[in-house]
**Student:** 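Mind looking over this structure? Questions follow.
In each ligand, atom 1 is the first atom listed, and ligand 1 is the first ligand listed. Here, residue 1 is the first one in the sequence, and each next residue gets the next number.
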Amino acid sequence: MNKLLTDTELSLLQRTLQTANKVLVTCHTNPDGDALGSMTCMMSVLRRMGKEVVAVAPDRWPDNLNWLPLMSDVKQYLRHEEEVKEAAKDVDLVLMLDHGRIDRMAELGEFVRTLDVPRIVMDHHPEPEEGPVLTICHPTLCAGAEVVYRVLDDMGEADKLTHDEAVSIYCGMMTDTGGFTFNSTRPEVYVIISRLLEKGIDKDRIYRNVFYTSSADRYRLLGYLLYVKMELLHEYHTSIITFSNAERKQFKIKNGETDGIVNYPLMIDKMRLSIFLREDTEKKGVIRVSLRSVDDFPCNEMSAEFFNGGGHKNASGGRLTCTMEEAVETVKRAVKKFADKLKD
Ligand code: 5GP
Ligand code: MN
C-alpha cells in the first residue's frame with residue numbers, strides 16, 4: 001500500500017507523539033461508528049505506547065455502539081463536563097479524530113480552545129481548519145478509521161494492531177460506507193479489510209452488532225416515516241422526510257435511532273437526493289438536517305449554502321434555527337437552486 005504521510009509529516013508525528021505523556025482524544029458531535037471506532041482504536045494504541053489517555057465525545061452516541069472495545073472509558077462531555085475538565089487540564093496533546101475543525105465539537109470545542117497544547121488531526125472531511133501542528137486529512141479516504149489505519153501503517157504499527165483495535169477500525173470503515181456500499185471502491189479498502197481479517201475479527205458479527213440491533217419501535221417508526229411522511233419531489237428526484245419531537249415521543253425513539261433512515265429513499269429508482277429533517281432533542285427551535293445523495297450530487301455544497309453545514313459530497317449535515325414548516329420551505333428553495341444537478 002502507498003504511503004499516506006510524507007517523510008516530513010511522519011517525523012513530525014513521531015516527534016510530537018514521543019514528547020506527549022497525556023493525550024486528549026476527541027471526535028465530532030453526534031458520534032457515529034467511525035468517530036468512535038477511530039477513537040477506541042487510538043485510545044488503545046496510545047496506551048500501548050505508554051501514554052495516559054482521556055477520551056471524550058462531545059455528546060451522546062447511539063446505544064448500538066456501546067459494544068465497541070473501551071467504550072466504558074469514553075466520556076460524554078455534555079454529561080460530565082466538570083469531570084472532563086479536571087481529567088484533561090494537564091494533557092499535553094489533543095488528537096482530533098474524524099473531524100478537522102474545533103467547531104465540530106460544539107461545547108467540547110470551547111474547552112479545547114482553552115488548552116494551550118499542540119493538536120493533531122486525523123480526518124477525512126473536506127476543509128479542515130488551520131491551527132493544528134499536524135493535519136492529516138484525506139477526503140478521498142472512506143473513513144476517519146481508514147486514515148488512522150494508514151497512519152499506523154506508515155508508522156510501522158499496523159502489524160502490531162490487537163484484535164480489538166482491528167475491530168474498532170473495521171467498525172469505522174464499515175459504518176461510514178454503509179457496509180461498503182458507497183464511497184468504498186478503492187482497492188486499498190479491501191487490502192485493509194483483508195489485513196484486519198487476519199487479526200481474527202468477525203466482520204459478520206460486527207455488522208450485526210451495529211445494524212441488527214434496532215428496537216422494534218425504530219422499525220415501526222421507519223414504516224410510518226416512509227408511508228406517511230416521505231414527500232417525493234419526483235421532478236427533482238428528491239425526497240424529504242420530517243420528524244418531530246412529538247413523533248419521537250410517540251414512537252419511543254432515542255437519540256441516534258434515526259441514523260440511517262435518510263438512506264432509505266435513495267433505494268427508490270432514480271432518486272438522487274434524500275433530505276431528513278428532525279427537531280433537535282436538546283436545543284429548542286433547532287432543526288437538524290441530514291443529506292444523502294448518489295453519484296455526483298454535492299450534498300456538502302447544498303448544506304454549506306442552505307443549512308449552515310457541510311460534510312462529504314454524498315453525505316452531509318447541517319442545522320437551521322426555525323420551525324419545521326420553514327425548514328421544509330428552505331429545502332424546497334435549495335432543491336430549486338440546485339435544479340440543474342437534480343432534474344433530467
Ligand atoms: P449526519 O447526516 O449523519 O448528521 O452527517 C453526515 C455527514 O456530514 C457526517 O460525515 C458529518 O460529519 C457531516 N456533518 C454533519 N453536520 C455537519 C456540519 O454542521 N458541518 C460539517 N462540516 N459537516 C457536518
Ligand atoms: Mn467519518
**Student:** Centres of the Phe338 and Tyr236 rings: under 6.0 Å?
**Tutor:** no

**Student:** How about His28: does one of its N, O or S atoms come closer than 2.8 Å to the Mn ion (ligand 2)?
**Tutor:** no

**Student:** Restricting to N/O/S, name the atom of Asp34 that gets closest to the Mn ion (ligand 2).
**Tutor:** OD2

**Student:** Determine whether the side chains of Ser215 and Glu257 contain a donor N or O and an acceptor N or O closer than 3.5 Å.
**Tutor:** yes

**Student:** Pairing donors with acceptors under 3.5 angstrom, does anything connect the side chains of Asn64 and Thr213?
**Tutor:** no

**Student:** May I have all residue pairs that pass salt bridge (Lys or Arg N to Asp or Glu O under 4.0 Å) and include part of residues 305-318, sequence neighbours excluded?
**Tutor:** Asp296-Lys313, Glu305-Lys337

**Student:** Rounded to the nearest 0.5 Å, how far apart are CZ of Phe111 and NZ of Lys89?
**Tutor:** 9.5 Å

**Student:** Run through all N or O atoms in ligand 1 and write down each protein N or O closer than 3.5 Å, as a pair with its distance.
**Tutor:**
{"from": "ligand 1", "atom 1": "2 (O)", "to": "Ser290", "atom 2": "OG", "distance (Å)": "2.6"}
{"from": "ligand 1", "atom 1": "2 (O)", "to": "Arg292", "atom 2": "NH1", "distance (Å)": "3.0"}
{"from": "ligand 1", "atom 1": "2 (O)", "to": "Arg292", "atom 2": "NH2", "distance (Å)": "3.2"}
{"from": "ligand 1", "atom 1": "3 (O)", "to": "Arg292", "atom 2": "NH2", "distance (Å)": "3.1"}
{"from": "ligand 1", "atom 1": "8 (O)", "to": "Gly317", "atom 2": "N", "distance (Å)": "3.3"}
{"from": "ligand 1", "atom 1": "10 (O)", "to": "His125", "atom 2": "NE2", "distance (Å)": "3.2"}
{"from": "ligand 1", "atom 1": "10 (O)", "to": "His312", "atom 2": "NE2", "distance (Å)": "3.3"}
{"from": "ligand 1", "atom 1": "12 (O)", "to": "Arg104", "atom 2": "NH2", "distance (Å)": "2.8"}
{"from": "ligand 1", "atom 1": "12 (O)", "to": "His125", "atom 2": "NE2", "distance (Å)": "3.0"}
{"from": "ligand 1", "atom 1": "19 (O)", "to": "Arg319", "atom 2": "NH2", "distance (Å)": "3.3"}
{"from": "ligand 1", "atom 1": "20 (N)", "to": "Gly310", "atom 2": "N", "distance (Å)": "3.4"}
{"from": "ligand 1", "atom 1": "23 (N)", "to": "Gly310", "atom 2": "O", "distance (Å)": "3.1"}
{"from": "ligand 1", "atom 1": "23 (N)", "to": "Gly311", "atom 2": "N", "distance (Å)": "3.4"}

**Student:** Please name the atom of Asp176, restricted to N, O or S, that is closest to the Mn ion (ligand 2).
**Tutor:** OD2

**Student:** Mind checking whether His125 and His312 have ring centres under 6.0 Å apart?
**Tutor:** yes

**Student:** Looking only at side chains, do Gln250 and Tyr224 share a donor and an acceptor under 3.5 Å apart?
**Tutor:** no

**Student:** Check all N, O or S atoms of Asp98 and name the one closest to the Mn ion (ligand 2).
**Tutor:** OD1

**Student:** Checking side-chain polar atoms at under 3.5 Å, does Ser184 have a donor or acceptor matched by the opposite partner on Thr177?
**Tutor:** no

